[in-house]
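By convention in this document, chain letters (A, B, ...) are assigned in the order of the sequence lines, proteins followed by strands, and residues within each chain are numbered from 1.
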Protein chains: 2
Amino acid sequence: MSYNRRMASLRAAVDVVIFAVRERRLSVLLVKRGVPPFRGRWAIPGGFLREDEGLEAAARRELNEETGLTASFLEQLATFGAPGRDPRGRVLSVCYFALLPAGNTAVPAPGGDAAQAAWFDVRKLPDLAFDHGDIFEYALQRLRWKLEWTTVGFGLVPKRFTLTELQQAFEAVLGRAADKRNFRRKVLGLGVLAATREQKREGLARPARLYEFSAQRFEKLRERGVLFPF
Amino acid sequence: MSYNRRMASLRAAVDVVIFAVRERRLSVLLVKRGVPPFRGRWAIPGGFLREDEGLEAAARRELNEETGLTASFLEQLATFGAPGRDPRGRVLSVCYFALLPAGNTAVPAPGGDAAQAAWFDVRKLPDLAFDHGDIFEYALQRLRWKLEWTTVGFGLVPKRFTLTELQQAFEAVLGRAADKRNFRRKVLGLGVLAATREQKREGLARPARLYEFSAQRFEKLRERGVLFPF
DNA sequence: TCAAAAGTGTTTCGGGTACACCCATGT
DNA sequence: ACATGGGTGTACCCGAAACACTTTTGA
């Protein structure tokens, strides 16, 4: 048996599952493939890793090419590498997941090999190319998990936001309604929000106070070993 | 700018951080490199991915080559791919972490490029080759996290085990003592343990009852949406 | 009878959840 | 005055944590 048999040819793709809350619905950005294989099928945006490019840098580049925007959260998800997953040959897909703040989610012009880009409600996804259905499921599971146990949730919302907006983002991801009073108590009780003096009109009624996520306070608490469960 | 510039040469390694509890200490299996680069330095066991080999299959193969054993738990950790991390060229390392049950942890004969293999207490690690120090830190963090929030802990213990053995495994990983009564209440309260009729002598005193992890009960509860926090 | 480890209940505390009304604003 | 969304407090429940003694076994 040939030990350490060298692989004939290996490529690495970096794919990014991009989530955002749009009109109170958790949405994911997909691109329609303009070239084979799977031409005409929807896929998770991504592309091949370049020489001398770090993995996270590649993910940020793809994200920027697809959306023109910068993510408020970006994290590696997992690597998918089943031998038959890409008909062109052996391709490892290093997957990331990204959050965009609500509001910055105009339908972007497609870049690269994509014929079209569009946002889809996560509950109404088309069949995806390659093994991207699996990747998406994994990403969604991870997002929900992290939303409940970490502070990623603040990445779904603009820099300044009302508590109602934040709550709606949580509800959109988790798919269930939360109690307004309990939600506010919990989120304010974390001690990582700073109230601003500004307000925002939501509809034609009483204006709501705008809050900011305070990275300083967050770090201070984390250094003391405070956990952040939602 | 050349779009989708093809990489000159890319290889993928699969590395496995192998944990076990030995003599009440959380330990990691390391190999001493017998060839450059980093010859003579300790490293996380691993090797190059083969053609037509799945990622998890490669991890299991490496594990078996290094230890001759089968893991009770194996999960992908993350992929490390900074451009300069391997002086031989661009190498992505798809990392896994594995648990071995206590008892099956004889010091293994080294395989492959390794000159030597040995278990190290996680609190007394030598400097590691490549970026393996980072990989190890990440693995340890993940293990601790999963131990508290999932049922991975049962992978640290033989098929049949006493509650004291299980508690010692938890204490070894988390680095703090737990209350015996609370621990037993919690773990039995999960409803996933089955008492056997057998007993085990621990020292020269009263024998302890042996328990088994019941996969059936676990699945039954998980289907009902029961979470498993430790 | 002693040494060694197994085994067992109760109380207290804090966080989570359920629940309904008044307030500020513009029309 | 009314429509719209913003904002607030209390009671109950359950799981987590603290805490010490009795039992079984073999030497």
Name the pairs: protein N/O against N/O of nucleotides 9-14 of chain D, kept only if under 3.5 Å.
unit_1, atom_1, unit_2, atom_2, d
D/dT10, O4, A/Arg185, NH1, 3.4
D/dT10, O4, A/Arg185, NH2, 3.3

Contacts of B/Asp179 meeting salt bridge (Lys or Arg N to Asp or Glu O under 4.0 Å) (sequence neighbours excluded), chain-then-number -> none

Please list, chain by chain and in numerical order, all residues satisfying salt bridge (Lys or Arg N to Asp or Glu O under 4.0 Å) with B/Asp131, sequence neighbours excluded.
B/Arg85

The residue among B/Phe19, B/Phe136, B/Trp42 that forms ring pair (Phe, Tyr, Trp, His ring centres under 6.0 Å) with B/Phe120 is B/Trp42

Sorted by chain and number, sequence neighbours left out, ring pair (Phe, Tyr, Trp, His ring centres under 6.0 Å) with B/Phe213 holds for B/Phe154, B/Phe218

So A/Arg61 and A/Asn64, side chain to side chain donor-acceptor pair (under 3.5 Å) or not? Walk me through it.
CA-CA 5 Å; A/Arg61 173 177 56 76; A/Asn64 189 57; over 6 Å; no

Protein-nucleic acid N or O pairs under 3.5 Å, nucleotides 22-27 of chain D:
unit_1, atom_1, unit_2, atom_2, d
D/dT23, O2, B/Arg206, NH1, 2.9

Need one value for B/Arg209: base, sugar-phosphate or nothing, where a base atom within 4.0 Å counts as base even if backbone is also close, heavy atoms only.
sugar-phosphate

Quick one: list whatever passes side chain to side chain contact (heavy atoms under 4.5 Å, CB included) with A/Arg206, sequence neighbours left out.
none

A/Thr164 vs D/dG5: side-chain N/O to OP1/OP2 distance below 4.0 Å
no

With no angle test and no hydrogens, is the base of C/dG7 tied to the side chain of B/Lys180 by a donor-acceptor pair under 3.5 Å?
yes

Take B/Arg60 and B/Glu56, measure what salt bridge (Lys or Arg N to Asp or Glu O under 4.0 Å) needs, and give me the verdict at the end.
CA-CA 6 Å; B/Arg60 285 188 197 286; B/Glu56 188 172 316; 2.7 Å; yes

